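Structure record follows, encoded as structure tokens.
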Amino acid sequence: MTTLKIENPVIEVEDLRFFYGESRALHGIDLKFPEKRVTALIGPSGCGKSTLLRCFNRMNDLVDGSRVEGQVLLDGENIYDRNTDIIELRRKVGMVFQKSNPFPKSIYENVIYGLRIAGENDKALFDERVETSLKGAALWDEVKDRLNESALGLSGGQMQRLCIARAIAVNPKVILMDEPCSALDPKSTARVEELIGELRENFTIIIVTHNMQQAARVSDLTAFLFEGNLIEFGVTEQLFVKPQNKQTEDYITGRFG
Amino acid sequence: MSKRPSKEMNKYWRVGEPMVWLSGAALTLTLLSAVTLLVVIVMNGLGVFWPSNIEQVKLTDGTAVYGQFVRSEETADGSGLRHQYKIANRDLYGLDFRWIDQTDIASTGHPRDLIVLERSEHGDFYGTLQQLFTVAGNSVAATFDNLQQQLSAAKHDLELLSELEKKLNDASYEMEQMRLTLLKFDYEGVPAGALERQELEQRKSELDARFADLIELQTRRVDDARKAKAVFADAGGRGKEVVLLDIVQAYTPNTMSTTDKVIFYGGKLVELVAGEPRESNTEGGLFPAIFGTVMLIFVMSLFSFPFGVIAAIYLREYAKEGPLVRIVRIAVNNLAGIPSIVYGIFGLGFFVYGIGHSIDALFFPERLPTPTFGTGGLLWASLTLALLTVPVVIVSTEEALGAIPREMREGSYALGATKFQTLYRVLLPMASPGIMTGLILAMARAAGEVAPLMITGVVKLAPALPIDGNFPFVHLDRKFMHLGFHIYDIGFQSPNVEAAKPMVFVTTLLLVLIVLLMSSVAIRLRNKMKKRYTFGTF
């Protein structure tokens, strides 16, 4: 494995092992994610990339019988510490899912959902956040006249951008994206990818993708996982052009094995 | 070797054509039976109040009878037809209905001067007006117009009387309250000379005097009003004196135009929905029964809806999946299969005798052995029905919660929501159409139940509604009337089954309509929620 010098790591993973019941899904991962960069996690199905992603906001806690060993440091603090406030953690680490999941509420209410549940009640703040978040998610121009209409009336691509707006409305440090484009048509995919490029100016983004072209297009760094192990981690161009590892090369050239 | 089926035949089976036909047939059969049932009820129910013409049937033996044709059938020996007539005049003939052989009929006609009286006792009277006396005892010309005039005067008297009656009722309610307070004093050992006791005694004696005055006034007024009379003659010329106060209404079906009949019909429908029952429930209105039924279902929903939803939320969202939860779930599902009479018995034993008696012993010990809550009542019947319908609500709520995609929960959690916030802000709104479906099913089930009610508080004739103007306004301890029980009661417990039959159909129709009405309101609500929480605009 190459050793990559990472400045200002936001998330540091140290010897992370994850178990679903008896079976082990992650075998000791060590990784550092730099601030305000896009890092892609690639690998074949079942390699543990989604599991790894879900460790960063402790989404895996919801899975019965799961167990975590090792550490994940967010700004130097272990999020698996006994005293971690999961609610606070999830406000710092937002997430966008594979299937867009807007709530059955108005567009406006969807965006401010995170603020509302945090107990916020300031109408002026809501208005401001709705506008900045929707602009940030490149959705403002399309929906500004129908903020009070149901979010379920939007197209698939718009819904996914709304979910991104919803995630950035609470001002997270990190945004996790779990195959955000896999259910979108090419045009919507292009818009979301463009958006990721814009978001990296303000947020640290970790994206799981199946699509290697996408990883190559949007990410600064790429990590290749295979069967629960981190095989290679490096600057995206280098990893795709000159992979150091045989397995990585096989995977990205399509000779999988 | 047996002959192999042809290729076409094989394909026919493979495509599943017979299955399509079979399921189609099953659906048709279900629909047909439901529709047939409804048609029978509607046909029999809607015609009851139509003022059909009354025939004068002259018989070959020289006698004559007024009657409303009901139906014909072949005589037992098959020699000809016989007709059933409603001949009314129960107090004269002893019977309301009579079969007349076709061969015995000499002629039939529709006499224009025939009057139908709807009386508050002894059912209808068919006859002609002979003499008419006013309240003052004067004889006036025996015309139908004069009769109507006198009747409206009598109606006015009746209204005055009913005002008096209301005062009497209030006074007797007050007396009952005083009696209960006195009982309480006795129980608490308030000494005979105590101030509050003296005060009460004084108020009681004042009330007693007022009550006696009222009674006397009422008796006098009634005696006066009853002087207005009319003499009618039946088809055979037999006279019958009828006090005008006893006549609910009089009409002449043979001269009424169709418009008149429609108006009359409408009036009867209003009476049915808003009026009080008469003649051991076989005539008059069904208002107390309608009120009791709706109230019962309402109170039942008040219990079963929140409990069902909360239980389902716990089972689905909070309880850890394991053998215990599985057992609970199986138990809940099986609750729906227990015969409803068992619930009734449980309700009687647990609610009425268990909780009811404890309440009496704790809060109303002075009234014992007369029970207050320790006897059947609306509250206990509602609770029993709630128990019966709660599984329906639980199952449908659980299903609705389970049908929500996992992404919705995760999306909410990922934004920092707690489990409760997610439930309250996302899951429950999304599950609401499914929960409503459960409530609709529960309400329909509850509306159709009679057996458990019979032992937990339903009565043939309730003296007072569960809601009235006396504090505390809602009296859930009271016994109540119910449409379903009404059907059973007048259909099978009535002394005059033939006369009660029309009412059975009408009551059934009304019950079906009420269930339909309540379900359609709930369904509308559900569709609104569905629109709001699944797709489309606000």
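Everything quoted here is computed from the prediction, not taken from an experiment. Per chain, numbering begins at 1; letters A, B, ... match sequence-line order.
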Minimum-distance pair of heavy atoms, taken over all atoms of [X] and [Y]:
X	Y	result
A/Pro104	B/Met430	CG-CG, 3.2 Å
A/Met59	B/Ala414	CE-N, 3.7 Å
B/Ser412	A/Tyr113	OG-OH, 2.7 Å
A/Lys105	B/Arg425	NZ-O, 3.0 Å

Within a radius of less than 6.0 Å around [atom1] of [X], do more than 12 heavy atoms belonging to other residues, nucleotides or ligands occur?
X	atom1	value
A/Tyr108	OH	yes
A/Phe19	CZ	yes
B/Lys528	NZ	no
B/Tyr318	OH	yes
A/Glu198	CD	yes

Using side chain to side chain contact (heavy atoms under 4.5 Å, CB included), reason through B/Glu410 and A/Met95 one step at a time and then give a plain yes or no.
CA-CA 9 Å; B/Glu410 289 187 338; A/Met95 189 165 192; over 6 Å; no
Selection from A/Lys99, A/Arg91, A/Glu109 maximising heavy-atom pairs under 4.5 Å formed with chain B
A/Lys99
Approximate separation, where rounding is to 0.5 Å, of B/Leu415 CG and A/Asn57 CG
10.0 Å
Heavy-atom contact with chain B under 4.5 Å, split by part of A/Val93
backbone
Tell me, side chain or backbone of A/Arg146 under 4.5 Å from chain B's heavy atoms, or both, or neither?
neither
